[in-house]
Amino acid sequence: MKNFIKELQWRGMLHDSMPTTEEHLMERMRSAYVGFDPTSDSLHIGNLVPIMLLAHFQRCGHRPIALVGGATGMIGDPSGKSSERNLLDENTLRYNQEAIKGQLSHFLDFTSDAANAAVLVNNYDWMKDFSFLEFIRDVGKHISVNYMMAKDSVKNRISSESKEGMSFTEFTYQLVQGYDFLHLYQNNNASIQMGGSDQWGNITTGTELIRRVGGGKGYAITCPLITKSDGTKFGKSEGGNVWLDAKRTSPYKFYQYWLNASDEDAENYIKIFTFLDKETIDALIVEHKEVPHLRLLQKKIGEEVTLLVHGTAAYENAIKASNILFGKSTASDLKSLDEQTFLDVFDGVPQSTVALSEVENGLDMIGALAAKTNFLASNGEARRALKENAISVNKEKVKEDFTISKEDLIANKYVLLQRGKKTYYLLVVA
RNA sequence: GGGGAGAUACUCAAGCGGCCAACGAGGACGGACUGUAACUCCGUUGACUACGUCUUCGCAGGUUCGAAUCCUGCUCUCCCCA
């Protein structure tokens with residue numbers, strides 16, 4: 001049995017654990033669970049840390065349980081600043097659950113006959129028929145309000161500095177989540193709950209419940225919340241969340257997110273988000289420090305994570321796209337692409353359609369940038385950008401007097417407009 | 001309920017009768033540099049049929065040759081005292 005706690009420690013993924021957790025794990029195969037919020041049909045990279053917790057757990061020979069919070073997701077955890085969440089109808093919930101399971105299966109083995117095959121459960125299944133009276137009688141009486149009020153998540157919301165109050169529903173949250181632990185302890189043999197360090201309070205309510213109801217012992221392991229060296233929130237890009245679903249965040253953008261990590265962050269990320277062993281990682285870090293401009297760490301993280309989440313083909317396309325967008329590509333490189341690859345590369349780039357006749361007559365730059373499209377907000381801005389030498393057509397800088405003609409079409413129907421280095425816009429000619 | 005202060009562009013914040021499309025800072029965007037980075041430097045940041053014209057300074061009126069600036073009313077915000 002591989003030492004799970006030690007594994008988390010060197011990876012910087014251990015924030016806190018209850019005493020004797022390590023001994024408990026070394027004894028024999030154990031089951032641990034992590035909760036996921038099913039309010040969307042895709043996980044995002046913020047969920048990646050708990051996923052990796054489970055994945056390492058399984059690789060250490062234990063059995064991971066992924067808990068879909070169908071019931072808890074309806075309530076909203078007060079420890080986040082999020083307000084109350086909307087109720088999901090059951091169809092959506094089931095659909096999301098399957099989608100999440102699909103994504104988790106890239107990391108966890110759900111299908112093998114091994115004793116430690118991963119399991120997916122949904123707390124909606126055992127909460128939906130639990131009546132309010134039964135719940136307050138069988139669960140609520142074991143936990144005192146004093147105990148619940150002492151949690152930071154609650155204290156913060158009740159304190160006078162807090163602008164918002166806290167509804168009874170949200171107050172109940174920790175008890176519902178705590179009951180999950182009790183339920184899994186009794187029915188799925190789960191003795192450990194893992195989660196982000198912000199979950200510590202909720203997890204201990206669960207262990208407390210286990211102790212008081214049947215004298216059992218539950219364990220808790222939390223991981224640190226991922227931070228970024230520049231202080232911005234991990235997992236957000238300009239476009240919002242970075243999702244695991246290729247339809248929401250293209251594999252190219254996904255790869256780019258990792259590639260753009262700072263050196264400092266990359267050293268942490270590679271330990272957290274890849275399965276590479278310590279020797280490999282240490283060697284990479286040393287190598288990276290010698291030639292930082294090559295960004296070996298960022299590339300390796302991007303490779304590992306993208307392969308895991310999106311597969312080989314998507315990874316290779318992401319590399320190809322990156323080279324075209326950031327390498328020294330020229331108009332002829334662009335024109336050599338077949339249409340499908342071109343579209344993959346520029347997937348998600350905003351676009352609009354212009355008539356073929358416009359191009360045949362020669363489309364002036366003001367028209368292409370603003371008047372006929374909405375790439376830039378106004379003609380004035382277009383003029384300004386041109387004056388600033390910021391505009392490229394098919395990767396080549398152009399001046400205000402440039403006109404787009406038929407020769408500039410890629411695959412006979414696209415023109416690539418670009419402002420600065422990173423802002424692209426696709427003109428589709430039809 | 002009484003008294004006071006204020007509302008200016010993405011944000012903060014000057015301006016207090018013509019020299020105001022409105023100082024300055026931050027942010028954002030662009031250029032040079034670079035590692036698709038950080039730092040630094042430079043530029044842009046209301047619109048347009050663009051050396052000119054038009055629309056902006058909480059909202060609606062008014063005074064004036066002329067108002068972001070003065071007056072009246074309204075809406076909202078903050079502070080102090082009950």
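Here is the naming used below: chain letters follow the sequence lines, and residue numbers restart at 1 for every chain. The analysis underlying the following values was restricted to heavy atoms, covering all of them including side chains, and did not include hydrogens, waters or symmetry mates.
Among residues two or more places apart in sequence or in another chain, the ring-ring contact (aromatic ring centres under 6.0 Å, His included) test is passed with A/Tyr425 by A/Phe375. Remark: A/Phe181 engages A/Tyr33 in a ring-ring contact (aromatic ring centres under 6.0 Å, His included) (not counting sequence neighbours). Annotation: side-chain hydrogen bond (donor to acceptor under 3.5 Å, both in side chains) contacts of A/Lys278 (sequence neighbours excluded): A/Asp282.
Of the N and O atoms on the side chains of A/Asn202 and A/Gln174, not one donor lies less than 3.5 Å from an acceptor on the other residue.
Across all strands shown, B/rA68 remains unpaired; no Watson-Crick or G-U wobble contact has both distances below 3.5 Å. For B/rG6, the paired nucleotide is B/rC76, the pair qualifying as Watson-Crick or G-U wobble because both relevant distances are below 3.5 Å. When both distances must be under 3.5 Å, the Watson-Crick or G-U wobble mate of B/rG17 does not exist. With a 3.5 Å ceiling on both atom-pair distances, the Watson-Crick or G-U wobble partner of B/rG43 is B/rC29.
Between the P atoms of B/rC10 and B/rU45, the separation comes to 14 Å (whole Å). As rounded to the nearest Å, B/rA7 and B/rC74 have C1' atoms that lie 14 Å from one another. For B/rC20 and B/rC16, the C1' atoms lie 13 Å apart once the distance is rounded to whole Å. Rounded to whole Å, the separation between the P atoms of B/rC80 and B/rA67 comes to 39 Å. Here the separation of B/rG18 from B/rA60, taken at their P atoms, is 23 Å to the nearest Å. For the P atoms, the distance from B/rC23 to B/rG46 is 9 Å, rounded to whole Å. Across B/rU8 and B/rU69, the matching P atoms stand 13 Å from one another, rounded to whole Å. A distance of about 14 Å separates the C1' atoms of B/rC48 and B/rA21, rounded to the whole Å.
For residues 290-312 of chain A, proximity to RNA chain B is found at A/Pro292, A/His293, A/Arg295, A/Gln298, defined as any non-hydrogen atom under 4.0 angstrom from a strand atom. Listed by residue number, the members of residues 370-386 of chain A with any heavy atom below 4.0 angstrom from RNA chain B are A/Ser378, A/Asn379, A/Gly380, A/Arg383, A/Arg384.
Ionic pairing of A/Arg384 and A/Glu388 is not present here: no N-O contact between side-chain nitrogen and carboxylate oxygen is shorter than 4.0 angstrom. Residues A/Glu7 and A/Arg59 are not paired through a salt bridge, judged by the lack of any N-O separation under 4.0 Å between the basic side chain and the carboxylate. A salt bridge is absent between A/Glu400 and A/Lys387; no separation between the charged side-chain nitrogens and carboxylate oxygens falls under 4.0 Å.
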Exercise. May I have the step-by-step check of side-chain contact (heavy atoms from CB on, under 4.5 Å) for A/Leu427 and A/Gln351, ending in yes or no?
Key: CA-CA 6 Å; A/Leu427 221 53; A/Gln351 51 179 265; over 6 Å; no
Practice problem: Check step by step if side-chain contact (heavy atoms from CB on, under 4.5 Å) holds for A/Tyr219 and A/Arg30. | Solution: CA-CA 11 Å; A/Tyr219 294 86; A/Arg30 300 293 182 181; over 6 Å; no
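Ring geometry, A/Phe346 versus A/Phe342: the interplanar angle falls from 30° to 60°, so the pair is classed tilted.
For A/Asp277, the CG atom is densely surrounded, since the number of other residues' heavy atoms within 6.0 Å is greater than 12.
In the 5' to 3' direction, nucleotides of RNA chain B lying under 4.0 Å from heavy atoms of chain A begin and end at B/rC29 to B/rA50.
Residue contacts shown for A/Asn389 are limited to sugar-phosphate atoms, with no base heavy atom under 4.0 Å away. Counting any heavy atom pair closer than 4.0 Å across all strands shown, A/Lys387 reaches no nucleic acid atom. Residue contacts shown for A/Thr423 are limited to sugar-phosphate atoms, with no base heavy atom under 4.0 Å away.
Nearest heavy atoms, A/Glu267 versus A/Leu297: CG-CD1, 3.8 Å.
In B/rC41 the O4'-C1'-N dihedral to the base is more than 90° from 0, which defines an anti nucleotide.
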